[in-house]
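Remember, it's a predicted structure, so these values are computed and weren't measured experimentally.
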Amino acid sequence: MPSPTKRIAVLTSGGDCAGLNAVIRSVVLKAATLNWEVVGIMDGAHGLISRPPQTMALSPQNVDTVMMRQGGTILGTTNKGDPFAWPMPDGSIKDLSQDMVDGFRTLKCDALIGVGGDGSLNILQHLAKQGNFPLIGIPKTIDNDVCLTETSVGFDTAVMVATEALDRLQPTAASHDRIMVLEVMGRDAGHIALHAGIAGGADVILIPEIPYDIQKVADHIKMIRHKGRNFALVVVSEAVRTQEGTKMMNELYGGQKRLGGIGHVIGAQIADLCQAETRVTVLGHVQRGGQPSAQDRLIAAAFGVHAVELIKAGKLNRMVAWSNRMVIDVPLEDAVKNNQQVEKHGSLIKTARGLGICLGDSVTSPS
């Protein structure tokens with residue numbers, strides 16, 4: 001029996017990452033097989049504030065394979081402004097959540113598919129509850145810190161970029177007898193640093209989940225040099241604190257504060273303790289942009305199709321997820337309760353220790 005015609009909306013929210021366009025494409029193509037209409041909301045939920053709401057009609061004709069290969073998102077996105085505490089031009093704070101809910105209602109959509117990280121999905125969940133409209137969440141984050149899913153859209157590409165950076169830093173490090181420090185993204189979790197560090201042959205990996213002793217890091221590098229190797233590679237997650245417990249923050253235009261700078265702190269300490277030439281590379285936003293990896297395209301396609309199927313089945317207020325090599329769905333409310341950090345005794349930590357990689361603590365091998 002044919003599925004009743006529906007009109008659904010999709011938006012991308014939070015920081016951009018590779019694979020967002022592939023998600024949008026899969027949602028549109030799956031919806032087209034059901035003869036459903038898809039509306040794209042511009043600039044995340046912020047597009048719902050305007051009157052009329054800022055939208056884009058989506059059809060198979062404007063989500064071709066060229067668009068699928070592109071980084072970023074054709075719908076735009078934002079990681080600024082909490083709708084429940086919106087900063088106004090005069091410096092005051094205003095709750096604009098009902099404006100967004102009312103904006104969504106004017107679209108006359110049967111459900112919303114929101115693509116975001118833990119923070120964005122949490123905000124969308126509250127908006128959906130307030131407006132009593134059905135929501136399906138799709139996890140995307142280069143940090144891979146969304147709970148109840150093994151991976152998120154964008155993570156694989158970010159790891160690939162960070163690994164390639166190590167591949168490029170190693171020859172110049174060896175050519176100049178240098179210690180190379182690479183600072184990678186990871187707001188609350190060290191997944192990128194850990195994955196790329198292992199894949200890229202790092203000697204030291206520092207992540208926020210494991211407190212480090214800079215002297216132990218220096219001793220490990222000294223041991224490497226004593227054994228005859230003239231270079232070392234150090235990967236640092238941006239969320240790593242100084243030994244005094246301070247997170248390194250940069251204040252940007254408009255008063256925004258973002259993590260960054262711990263790599264330079266670590267690099268200076270290593271140079272001093274090891275009396276060695278040290279260079280620091282902050283990888284930054286190149287981890288977000290560019291063409292998505294094959295893995296991210298596959299995950300994006302699977303997530304988008306399953307999200308539409310959930311709406312068709314009437315199984316709402318869920319988040320699609322990846323587990324045991326297949327797509328599943330979990331309660332959205334449970335997925336956004338906490339973030340997913342690196343397990344201190346997990347398989348990859350044991351792998352790193354087994355390879356002799358220093359994690360900044362006193363443990364050097366699996367127990």
Side-chain angles (χ1 to χ4, degrees), residues 10-31 38 40-44 56 58 60 62-79 112-121 124 136-165 184-187 189 191-192 195-196 199 283-310 319-323 325-329 335 340:
V10 60
L11 63 78
T12 51
S13 186
D16 70 303
C17 67
L20 293 176
N21 285 326
V23 173
I24 296 167
R25 177 175 180 265
S26 65
V27 167
V28 173
L29 294 184
K30 175 59 182 176
V38 181
I41 299 172
M42 306 300 294
D43 299 326
M56 173 191 294
L58 296 172
N62 58 10
V63 292
D64 59 15
T65 57
V66 175
M67 168 266 205
M68 175 193 70
R69 291 172 168 82
Q70 295 172 344
T73 163
I74 63 169
L75 295 178
T77 187
T78 182
N79 56 2
L112 171 65
I113 295 175
V115 189
D118 55 349
S120 298
L121 292 177
L124 290 174
I136 299 295
I138 294 180
K140 67 87 217 166
T141 167
I142 66 170
D143 297 344
N144 204 34
D145 59 354
V146 176
C147 282
L148 305 183
T149 182
E150 292 174 5
T151 192
S152 298
V153 176
F155 175 63
D156 186 71
T157 303
V159 170
M160 181 182 70
V161 171
T163 302
E164 182 183 357
V184 300
M185 284 184 163
R187 185 188 62 196
H191 296 290
I192 295 176
H195 282 72
L283 203 49
H285 287 78
V286 296
Q287 294 159 95
R288 293 191 178 279
Q291 288 190 332
S293 67
Q295 176 72 4
D296 272 332
R297 297 182 205 188
L298 287 169
I299 293 294
F303 281 1
V305 167
H306 193 63
V308 176
E309 289 177 340
L310 287 173
M319 185 189 81
V320 298
W322 190 261
S323 178
R325 301 171 67 179
M326 63 185 297
V327 184
I328 63 169
D329 52 269
Q340 179 172 261

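- Looking only at side-chain heavy atoms (C-beta outward), Val63 and Val38 stay at 4.5 Å or farther from each other.
- For Glu309, the side-chain contact (heavy atoms from CB on, under 4.5 Å) partners are Lys30, Val305, His306, not counting sequence neighbours.
- Counting only distance, with no hydrogens or angles, the side chain of Ser26 and the backbone of Ala300 share a donor-acceptor pair below 3.5 Å.
- The line from CG of Leu20 to CD of Gln70 is 12.0 Å long, rounded to the nearest 0.5 Å.
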(message) One pair to check against side-chain contact (heavy atoms from CB on, under 4.5 Å): Arg288 and Met185. What are the steps and the verdict?
(response) CA-CA 9 Å; Arg288 293 191 178 279; Met185 284 184 163; 3.9 Å; yes
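- Nearest approach of Gly114 to Leu121, heavy atoms of both residues: O-CD2, 3.5 Å.
- Nearest approach of Ala189 to Asp145, heavy atoms of both residues: CB-CB, 4.1 Å.
- Proximity of Thr149 to Phe303: side-chain heavy atoms (C-beta onward) are separated by under 4.5 Å at one or more points.
- For Cys17 against Val153, the heavy-atom pair with the smallest separation is SG-O, 3.5 Å.
- One N or O on the side chain of Thr12 and one on the backbone of Gly76 form a donor-acceptor pair closer than 3.5 Å.
- Remark: Ile138 CD1 to Leu11 CG distance equals 10.0 Å, nearest 0.5 Å.
- With rounding to the nearest 0.5 Å, the separation of CG in Asp118 from CG in Asp143 is 8.5 Å.
- Arg297 contributes a side-chain N or O that, together with a main-chain N or O of Pro292, makes up a donor-acceptor pair within less than 3.5 Å.
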(request) I would like to know whether Val115 and Val27 meet side-chain contact (heavy atoms from CB on, under 4.5 Å); could you show each step before the answer? (result) CA-CA 11 Å; Val115 189; Val27 167; over 6 Å; no
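- Atom CD1 of Ile299 sits about 11.0 Å away from atom OG1 of Thr157, to the nearest 0.5 Å.
- Of the candidates Ile41, Val23, Leu75, Val308, Leu75 is the only one forming a side chain to side chain contact (heavy atoms under 4.5 Å, CB included) with Val10.
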(request) Using the side-chain contact (heavy atoms from CB on, under 4.5 Å) rule, take Thr151 and Asp156 through it: C-alpha gap first, then chi angles, then the decisive distance, then the call. (result) CA-CA 8 Å; Thr151 192; Asp156 186 71; 5.6 Å; no
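- With sequence neighbours excluded, no residue satisfies ring pair (Phe, Tyr, Trp, His ring centres under 6.0 Å) with His191.
- With rounding to the nearest 0.5 Å, the separation of CD in Gln291 from CE in Met68 is 9.0 Å.
- Asp296 is linked by a salt bridge (charged side-chain N to carboxylate O under 4.0 Å, His left out) to nothing, counting only residues two or more places apart in sequence or in another chain.
- Residues Val320 and Ala307 share a closest heavy-atom pair of CG1-N, 3.9 Å.
- At least one donor-acceptor pair under 3.5 Å links the side chain of Lys140 to the backbone N or O of Gly15.
- Within the 3.5 Å criterion, the main-chain N or O of Ile74 finds a donor-acceptor partner in the side chain of Asn21.
- Heavy-atom minimum distance, Gln340 versus Asn144: NE2-O, 3.6 Å.
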(message) Could you walk me through whether Leu58 and Ile24 satisfy the side-chain contact (heavy atoms from CB on, under 4.5 Å) test, starting with their C-alpha distance in whole Å, then the side-chain angles of each, then the deciding distance to 0.1 Å, before giving a yes or no?
(response) CA-CA 9 Å; Leu58 296 172; Ile24 296 167; 3.9 Å; yes
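- In this structure, NE2 in His285 is found 7.5 Å from CG in Asp16, a value given to the nearest 0.5 Å.
- Minimum heavy-atom separation, Met56 to Met42: CB-SD, 3.9 Å.
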